[in-house]
Chemist: 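Let me give you the structure first, and then I'll get to my questions.
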Amino acid sequence: MKIKRCPMNPLILPESVKPSRPDFQVDGIFNCGVAEYDGEILLLCRVAESVKCEEPGTVKIPVIVNKDGRDVLDVITYIKADHPELDFSDSRHVGKEGGKGKKTVNLTSLSHLRIARSSDGIHFTVEDTPAVSPIAEEESWGMEDPRITQIEDTYYINYTAVTENGPATALISTKDFRDYTRHGIIFAPENKDVTIFPEKIGGMYVAFNRPVPCGIGNPEMWLAKSPDLIHWGEQKHFCGISDEDEDSWDNGRIGGGAVPFLTDKGWVKIYHAADKNDRYCLGAFLLDKDDPSKVIGKTKEPILEPEEDYEIHGFFGNVVFTCGCLVRDHTAMIYYGAADDKICRADINLDELIRAMI
């Protein structure tokens, strides 16, 4: 099976993005939802920003808080030498050892959602301002990893809404990528990596989700149903991690990936998985058209893994992570985040992909 990386990769880099505030710097643009609208290919990107800091040994944490009825930016400053109890080794967050392992104290960046537009799917122009910004009530620690599901003339965008209470999944909708309607939290913490099927199946909407147990169990994929995209239930475990092989590419966590798309062979679900060393790769399932809980086939090896320099090195290296793809001319165009700071594209022929699954 051949997957073709776009020769123009990376397509979008952090330096292509204007910070949303003069005191911010852009750490990454990555993990984008994908849609076609009004003759263009749109990427709804996660843009991660941090507070500019030129003081050695100091970390500044941006957080949205509500003061006197207004959402404002608050900055928490850590002088590393004053906090030996904290772990600053991971570029993504400040950690602390707790009773059940390492606990996240704060994220080092604050993410919002921003549009990038293209007429050819390769050359993108990133808008200068956020499409949707976080609010204190639901996303005081940021908005992450949007996925776009088009149902008729409405685009439903689910994303990870992060607060100190944990990462939840929230939903917004739009018809024109200008005006957005918030529908609130649809999966409570900790649950993310949600992907909603683009049509009803058996009279119900269906979505993958990834709850994270703190005691018994692992971070694995579940299926849920809903009559209205807001109220979700009938949860059913779908797929677990591979824990039989210490060297397996998917023995750490599994979930999310791109919104499923329908072929004449069934639903194709491109997903992500990480090993125990946090190396992220992509794989694929082929699912029954009328019952997506039934697996027809699955790739044994990754269809895309971090191999190029821009995938190995970055804000958080050894990561390829997708939130969306488009199907054109019998080809899946996968847009993916590389090393948590840039956006790339890879194409795969559907016939080859399906053969690899069955």
Side-chain angles (χ1 to χ4, degrees), residues 1-6 32-36 41 121 147-152 155-156 158 193-210 220-226 229 232 234-242 248-250 254-274 280-305 320-336 344-358:
M1 182 179 59
K2 296 179 181 178
I3 190 162
K4 298 179 181 178
R5 289 173 171 84
C6 180
C32 55
V34 188
E36 291 186 272
I41 291 178
R147 282 136 173 134
I148 304 172
T149 299
Q150 182 181 357
I151 300 175
E152 298 178 349
Y155 298 84
Y156 293 92
N158 64 266
D193 292 330
V194 171
T195 51
I196 300 171
F197 284 72
E199 62 183 61
K200 286 185 176 181
I201 303 172
M204 298 283 279
Y205 295 106
V206 181
F208 284 102
N209 63 104
R210 208 275 303 278
E220 299 177 339
M221 296 173 71
W222 289 63
L223 278 168
K225 295 181 180 181
S226 171
L229 297 171
W232 294 89
E234 297 188 47
Q235 289 274 9
K236 182 178 181 180
H237 184 264
F238 173 76
C239 181
I241 63 174
S242 173
S248 173
W249 66 280
D250 59 354
I254 183 173
V259 173
F261 59 88
L262 189 60
T263 71
D264 57 359
K265 302 295 184 182
W267 291 101
V268 173
K269 168 62 176 171
I270 297 172
Y271 69 101
H272 75 259
Y280 283 78
C281 303
L282 303 182
F285 289 101
L286 183 63
L287 309 174
D288 184 84
K289 176 181 181 296
D290 299 314
D291 183 359
S293 68
K294 294 180 180 179
V295 178
I296 299 172
K298 178 179 180 290
T299 54
K300 294 181 180 180
E301 301 297 330
I303 62 172
L304 184 67
E305 53 189 314
V320 293
F321 188 103
T322 186
C323 289
C325 67
L326 292 177
V327 177
R328 281 186 173 181
D329 301 324
H330 215 61
T331 297
M333 301 155 45
I334 304 169
Y335 289 92
Y336 65 97
C344 302
R345 173 179 151 180
D347 296 354
I348 186 168
N349 177 271
L350 290 186
D351 289 334
E352 290 193 31
L353 178 57
I354 289 172
R355 278 197 297 268
M357 289 188 281
I358 58 179

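Just the heavy atoms: all of them, side chains too, but no hydrogens, waters or symmetry mates, feed the values below.
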Chemist: Which heavy atom of Ala207 sits nearest to which heavy atom of Val194, and what is that distance?
Modeler: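 Scanning both residues completely, I find the closest heavy atoms to be CB-CG1, 4.2 Å.
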Chemist: Take atom NZ of Lys225 as the centre, draw a 6.0 Å sphere, and report whether it contains more than 12 heavy atoms from other residues, nucleotides or ligands.
Modeler: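 Incorrect, the count does not exceed 12.
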Chemist: Between Lys265 and Met357, is there a side-chain heavy-atom distance shorter than 4.5 Å?
Modeler: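 Met357 does not reach Lys265 side chain to side chain.
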Chemist: So do Val259 and Tyr156 actually touch side chain to side chain, heavy atoms under 4.5 Å?
Modeler: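 When only atoms from C-beta onward are counted, Val259 and Tyr156 do not touch, as no gap falls below 4.5 Å.
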Chemist: Taking all non-hydrogen atoms of both residues into account, name the closest pair between Glu220 and Cys239 and its distance.
Modeler: CB-O, 3.2 Å
Chemist: What is the minimum heavy-atom distance between Trp249 and Ala273, and which atoms define it?
Modeler: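 Distance-wise, the nearest heavy atoms are CZ3-CB, 3.6 Å.
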Chemist: With rounding to the nearest 0.5 Å, note down the distance linking CD1 in Ile151 to CD1 in Ile196.
Modeler: 7.0 Å
Chemist: Rounded to the nearest 0.5 Å, how far apart are CD1 of Ile201 and NZ of Lys289?
Modeler: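 Reported value, rounded in 0.5 Å steps: 8.5 Å.
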Chemist: Is the shortest side-chain heavy-atom distance between Tyr335 and Cys6 below 4.5 Å?
Modeler: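 Heavy-atom side-chain distance check fails, nothing below 4.5 Å.
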Chemist: Strictly distance-based, threshold 3.5 Å: is any side-chain N or O of Asp288 a donor or acceptor partner for the main-chain N or O of Lys294?
Modeler: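 Flag not set: sc Asp288 to bb Lys294 has no pair under 3.5 Å.
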Chemist: May I ask you to decide if Glu152's main-chain N or O and Gln150's side chain share a donor-acceptor pair within less than 3.5 Å?
Modeler: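 The answer is yes, because a donor-acceptor pair under 3.5 Å joins these two groups.
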Chemist: Please check this pair: side chain of Glu352 against backbone of Lys2, looking for a donor-acceptor N/O pair closer than 3.5 Å.
Modeler: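 A pair under 3.5 Å: yes.
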Chemist: With no hydrogens and no angle check, is any side-chain donor or acceptor of Tyr336 less than 3.5 Å from a backbone partner on Cys325?
Modeler: no
Chemist: Strictly below 4.0 Å, N to O, side chains only: are Asp193 and Arg210 in salt-bridge contact?
Modeler: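 Arg210 and Asp193: salt-bridged.
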Chemist: Using only heavy-atom distances, determine whether the side chains of Lys269 and Thr195 contain a donor-acceptor pair under 3.5 Å.
Modeler: yes
Chemist: Quick one: do Ile241 and Asp250 satisfy side chain to side chain contact (heavy atoms under 4.5 Å, CB included)? Show the steps, please.
Modeler: CA-CA 6 Å; Ile241 63 174; Asp250 59 354; 5.9 Å; no
Chemist: Taking atom CD1 of Ile334 and atom CG of Leu353, what is their separation to the nearest 0.5 Å?
Modeler: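 It comes to 7.5 Å.
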Chemist: Output the distance between atom CD1 (Ile3) and atom CD1 (Ile348), rounded to the nearest 0.5 Å.
Modeler: 4.5 Å
Chemist: Quick one: pull up CZ in Phe238 and CG in Leu287 and give me the separation to the nearest 0.5 Å.
Modeler: 4.5 Å
Chemist: Which pair of non-hydrogen atoms, one from Gly33 and one from Cys323, has the smallest distance, and what is that distance?
Modeler: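 That would be N-CB, 4.2 Å.
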Chemist: Looking at every heavy atom in both Leu282 and Val320, which two are closest together, and how far apart are they?
Modeler: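 Smallest heavy-atom distance, with atoms named: CD2-O, 3.8 Å.
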Chemist: Please tell me if the side chains of Ile41 and Arg328 come closer than 4.5 Å, counting only heavy atoms from C-beta onward.
Modeler: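 In contact.
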Chemist: Look up atom CZ in Phe261 and atom CD in Glu199, then write down how far apart they are to the nearest 0.5 Å.
Modeler: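 The distance works out to 13.5 Å.
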Chemist: For the side chain of Tyr205 and the backbone of Ala224, is there at least one donor-acceptor N/O pair under 3.5 Å apart?
Modeler: no
Chemist: Asn349 side chain to Asp351 main-chain N or O, any donor-acceptor pair under 3.5 Å?
Modeler: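 Side chain of Asn349 to backbone of Asp351: a pair is present.
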Chemist: Using the ring of each side chain (for Trp, its six-membered ring), is His272 parallel, tilted or perpendicular to Tyr280, with breaks at 30° and 60°?
Modeler: tilted
Chemist: Report yes if the distance between the aromatic ring centroids of Tyr271 and Phe208 is under 6.0 Å, otherwise no.
Modeler: no
Chemist: Restricting to non-hydrogen atoms, name the atom on Leu350 and the atom on Ala332 that form the minimum distance, rounded to 0.1 Å.
Modeler: CD2-CB, 3.9 Å
Chemist: Just by modelled atom types, is the Cys281 backbone N or O under 3.5 Å from a matching donor or acceptor in the Glu305 side chain?
Modeler: no
